[in-house]
2 protein chains.
Amino acid sequence: MHDDDLVFKALADPTRRFLLDRLFTRDGRTLTELESELEMTRFGVMKHLRVLEDAGLVVTRKEGREKLHFLNPVPIRLIHDRWIDKFTERRVSALTDLKRQLEEDSA
Amino acid sequence: MHDDDLVFKALADPTRRFLLDRLFTRDGRTLTELESELEMTRFGVMKHLRVLEDAGLVVTRKEGREKLHFLNPVPIRLIHDRWIDKFTERRVSALTDLKRQLEEDSA
DNA sequence: TTGACATGTGACCATTTGGTCACCTATCAT
DNA sequence: ATGATAGGTGACCAAATGGTCACATGTCAA
């Protein structure tokens, strides 16, 4: 419930969705690498990565002086299953089919 | 692209998700009816409904002095198909199965 | 027709958000 | 050891956001 909110809010920013996209194509990127693909200082990127990390969408590991960023798709999967799925299911039950059939017949 | 952003931003607020939930269980509600379920003045609710409408998640029809609100799940379906689906697919290809098999064997 | 009801608008306000910068620490390579 | 490299912190700022209110319009019912 409250956890979902962090995820939704994290997904609400285009820069953050871009970052997730980059990490989707390849994980384990460093901050400076991600920064180089954006028109923004590394401080801005850091803040966005922090938001993603707080939402559990990104996990990190320190390697020497570098910080590697990995994508964690589980939270997206969760809001999908618990929330989005409900709105996206196509209703193709026998009942709605029947209803549509009746409406067509009466027209 | 730009359209997606409106949808993601609209979904980022818990009050708005609550409104979508209410409209999911039953459509065609009026502003005052929706307001009565929230700890907020009708002005706040109006603004939220406006955001949902701009994102295409809610469509409205005027009926006398009332304004009826209807859920439109299509935008959710679109961001699901174009964006979320990619992150939520379970990878169960023969290749990853083989990889897991090898890892188990070597353990 | 007159009052109650449903909604709309614009000003206004506090808080959050997205972004920058100055400065600082830790690590690597020479 | 020393400079270059990678990252971190806190202050700061402008703009967006979430919410309220005073007021105003249109519609229904007695």
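Because only heavy atoms are used, hydrogens play no part in the values below, and waters and symmetry mates are left out as well, while side chains stay in. Lettering of chains follows the sequences in order, A, B, ..., and the numbering in each one begins at 1.
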S.K.: Expressed in angstrom and rounded to an integer, what is the separation of H48(B) atom NE2 from dG19(D) atom C1'?
M.R.: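 In whole Å, dG19(D) C1' and H48(B) NE2 are 8 Å from each other.
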
S.K.: Indicate whether OP1 or OP2 belonging to dC5(C) is found under 4.0 Å from a side-chain N or O atom of T32(B).
M.R.: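 T32(B) to dC5(C) OP1/OP2: no side-chain N or O under 4.0 Å.
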
S.K.: Classify the ring geometry of H80(A) against H80(B): parallel below 30°, tilted from 30° to 60°, perpendicular beyond 60°.
M.R.: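 Geometry flag for H80(B) against H80(A): parallel rings.
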
S.K.: Thinking salt bridges, do E66(B) and R61(B) make one under a 4.0 Å N-O criterion?
M.R.: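 Salt bridge between E66(B) and R61(B), a charged N being under 4.0 Å from a carboxylate O: no.
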
S.K.: Starting from P on dT17(D), measure out to NZ on K9(A) and report it in whole angstrom.
M.R.: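 Going from NZ in K9(A) over to P in dT17(D) covers 12 Å.
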
S.K.: Do the side chain of K67(A) and the base of dG7(D) come within less than 3.5 angstrom through a donor-acceptor pair of N or O atoms?
M.R.: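 Looking at the base of dG7(D), it does not pair with any donor or acceptor on the side chain of K67(A) (distance under 3.5 Å).
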
S.K.: Which nucleotide sits closest to the side chain of T30(A): dG18(D), dG19(C), dA6(D)?
M.R.: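 Within the option list, the nearest is dA6(D).
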
S.K.: Nearest whole angstrom, please: distance from the C1' of dC13(C) to the NZ of K47(B).
M.R.: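 About 10 Å, once rounded to whole Å.
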
S.K.: Could you state the CZ-P distance from R65(B) to dG3(C), rounded to the nearest angstrom?
M.R.: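 So the CZ-P distance, R65(B) to dG3(C), works out to 16 Å.
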
S.K.: By nearest nucleotide on DNA chain D, pick out whichever of R42(B) and M46(A) is the more 5' one.
M.R.: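 Final value for this comparison: M46(A).
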
S.K.: Check whether the side chain of R50(B) and the base of dG8(C) form a donor-acceptor pair under 3.5 Å.
M.R.: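 A donor-acceptor contact between them is absent.
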
S.K.: Output the rounded distance in Å from CZ (F8(B)) to P (dT17(C)).
M.R.: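 Computing the F8(B):CZ to dT17(C):P distance gives 18 Å.
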
S.K.: Counting C-beta onward and ignoring hydrogens, is there a side-chain heavy-atom pair between R16(B) and K9(B) closer than 4.5 Å?
M.R.: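 Of all side-chain heavy-atom pairs linking K9(B) with R16(B), none is under 4.5 Å.
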
S.K.: Atom CZ of R16(A) and atom P of dG18(C): how far apart are they, to the nearest Å?
M.R.: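 These atoms are roughly 5 Å apart.
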
S.K.: Taking only the side-chain nitrogens and oxygens of T41(B), find out if one of them lies under 4.0 Å from OP1 or OP2 of dG19(D).
M.R.: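 No, T41(B) has no side-chain N/O under 4.0 Å of OP1/OP2 on dG19(D).
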
S.K.: Mind calculating the distance between CG (D5(A)) and P (dT16(C)) to the nearest angstrom?
M.R.: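 For the pair D5(A) CG and dT16(C) P, the rounded distance is 13 Å.
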
S.K.: Rounding to a whole Å, what distance do you find between E63(B):CD and dT7(C):P?
M.R.: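 Distance check: E63(B) CD to dT7(C) P gives 12 Å.
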
S.K.: Between dA6(D), dG19(D), dT20(C), spot the one nearest the side chain of T15(B), thanks.
M.R.: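 Of dA6(D), dG19(D), dT20(C), dG19(D) is nearest to the side chain of T15(B).
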
S.K.: Which residue, K62(A) or E66(B), contacts DNA chain C at a nucleotide closer to its 5' end, judged by nearest heavy atom?
M.R.: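 Result of the comparison: E66(B).
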
S.K.: For the side chain of F43(B), starting at C-beta, report the closest nucleotide among dT7(C), dA22(C), dT20(D).
M.R.: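 The listed nucleotide nearest to F43(B)'s side chain is dT20(D).
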
S.K.: Checking H69(A) side chain against R29(A) main chain: does a donor-acceptor pair fall under 3.5 Å?
M.R.: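 Checked: pair present.
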
S.K.: Which part of the nucleic acid, if any, lies within contact of G64(A), taking any heavy atom under 4.0 Å across all strands shown: a base, the sugar-phosphate backbone alone, or nothing?
M.R.: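 Sugar-phosphate, no base atom in range.
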
S.K.: Are D13(A) and R17(A) close enough for a salt bridge, meaning some N to O gap below 4.0 Å?
M.R.: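 Salt bridge absent between D13(A) and R17(A).
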
